[in-house]
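I have placed the structure first, in the form of structure tokens, so that the comments after it can refer back to it.
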Amino acid sequence: FLILNTFAQGKEAVVSRGELVEIGGSFRIPEVMAASGAKLVEVGTTNKTRLADYEAAIGEETAMLMKVHKSNYAIEGFSAEAAMEEIAALARERGLIDYYDLGSAYLPELPWGLGAAEPSLPRILRDPPSLLSFSGDKLFGGVQAGIILGRKALIDRLKKNQILRMFRVDKVTLALLERTVLAYRRGETDKIPVLRMLFATPGQLRNRAEALRKRLPIPAEILDSQTYVGGGTMPNRKIPTVILALEGKAQELEVAFRAHRIIGRIERDRFVLDMRTVREEDFETIIEAASMISSEE
Ligand SMILES: *Cc1c(COP(=O)(O)O)cnc(C)c1O
């Protein structure tokens with residue numbers, strides 16, 4: 001909103017029809033653009049947009065070429081999109097601003113081949129767009145905050161926009177964000193919960209499952225399975241996990257655990273706990289809940 005309002009208010013911003021996304025909570029790119037005062041110019045089709053489509057849309061009123069990263073959905077099959085680098089080069093040639101709404105960003109290369117679907121921040125910054133924005137949570141693993149990177153002259157203009165005051169974050173947010181960034185700088189990515197969960201190996205998960213099963217008052221079986229990243233990033237990408245499948249009626253267990261604020265899922269008619277998102281610190285809570293649930297039966 002801030003970027004569009006600063007650079008494209010009363011002017012046109014060009015976006016692919018395949019990237020007019022809705023993110024969580026019914027927030028829609030076209031509506032955010034309209035509210036910012038920028039005029040949306042759609043190019044291409046749902047499944048295919050080429051660089052020539054952006055080029056053909058450039059006119060007197062164009063201020064910006066914008067790319068929105070497909071973080072929570074996928075277009076597969078007969079499809080094509082222009083790369084950010086190409087869009088940026090075209091924008092610079094025409095004296096326009098190029099902006100990448102990346103949404104979900106991460107730093108270290110991801111395991112399980114996830115990096116193929118989702119570009120890493122260091123890779124993007126080798127040939128950086130003029131402006132880039134992403135969320136402080138999602139894969140970055142910190143607090144909810146909008147982070148904008150870009151050319152200094154453009155960032156300076158953003159800072160002068162009166163609206164910035166309404167969006168600025170509180171010192172608590174900044175302090176928490178600093179902790180996340182420091183963890184990255186020190187290479188302590190295991191301190192970032194989302195990365196710790198992503199990087200855990202099936203061996204570690206199996207050990208965790210063994211340790212929990214030994215103490216669980218409900219009989220359970222340890223099984224290999226697959227799980228999704230979720231959280232608005234990487235749709236249809238499964239990664240390996242280890243589950244504890246509990247003995248008993250799946251639906252009833254699901255409801256009972258949920259009442260104790262423990263969220264499992266049902267796989268092949270069994271209630272399962274996914275070890276990728278269960279921490280050792282959670283064991284007590286789970287064991288306590290399981291004791292209460294098994295004594296109710
Ligand atoms: C998630 C997302 C946003 C919004 O980021 P939040 O910080 O979660 O509000 C914007 N654009 C894209 C492409 C996203 O995926």
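Keep in mind that the numbers below use all heavy atoms, side chains included, and drop hydrogens, waters and symmetry copies. Counting starts at 1 for both ligands and their atoms, following the listed order. If you're wondering where the values come from, they're calculated on a predicted model, not measured in any experiment.
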Within the structure provided, determine whether Phe7 and Leu131 are in side-chain contact (heavy-atom separation under 4.5 Å).
yes
Would a 4.5 Å heavy-atom cut-off, applied to side chains only, mark Ile287 and Leu212 as touching?
yes
Nearest heavy-atom contact between Leu110 and Gly115 is CB-N, 4.2 Å
Does Val68 approach ligand 1 within less than 4.0 angstrom via side chain, backbone, both or neither, non-hydrogen atoms only?
side chain
Atom 2 (C) of ligand 1: the protein heavy-atom neighbour that sits closest, reported with distance to 0.1 Å
Lys138 NZ, 2.5 Å
Using the ring of each side chain (for Trp, its six-membered ring), is Phe167 parallel, tilted or perpendicular to Phe1, with breaks at 30° and 60°?
perpendicular
Structural part of Ser71 in contact with ligand 1, heavy atom criterion under 4.0 angstrom:
side chain
Around atom 9 (O) of ligand 1, find the nearest protein heavy atom and jot down its residue, atom name and distance.
Gln144 NE2, 3.4 Å
Should we count CZ of Arg50 as having more than 12 external heavy atoms under 6.0 Å?
no
Using a 3.5 Å distance criterion without hydrogens, assess whether the side chain of Asn72 forms a donor-acceptor pair with backbone atoms of Glu22.
yes
Identify the heavy atoms of Gln226 and Arg265 that sit nearest to each other, and give their distance.
O-NH2, 3.3 Å
Ligand 1 contact on Asp101 by region, counting heavy-atom pairs under 4.0 Å
both
Among protein heavy atoms, which sits nearest to atom 12 (C) of ligand 1, and what does the distance come to when rounded to 0.1 Å?
Gly103 CA, 3.4 Å
Are any of the N/O atoms on Ser104, whether in the backbone or the side chain, positioned under 3.5 angstrom from an N/O atom of ligand 1?
no
For atom 13 (C) of ligand 1, the protein heavy atom that lies nearest, with its residue and separation
His69 O, 3.5 Å
Short list, please: which atoms of ligand 1 are under 4.0 Å from a heavy atom of Ile23?
2 (C), 3 (C), 4 (C), 10 (C), 12 (C), 14 (C), 15 (O)
Closest non-hydrogen protein atom to atom 5 (O) of ligand 1, residue and atom name please, with distance?
Ser135 CB, 3.7 Å
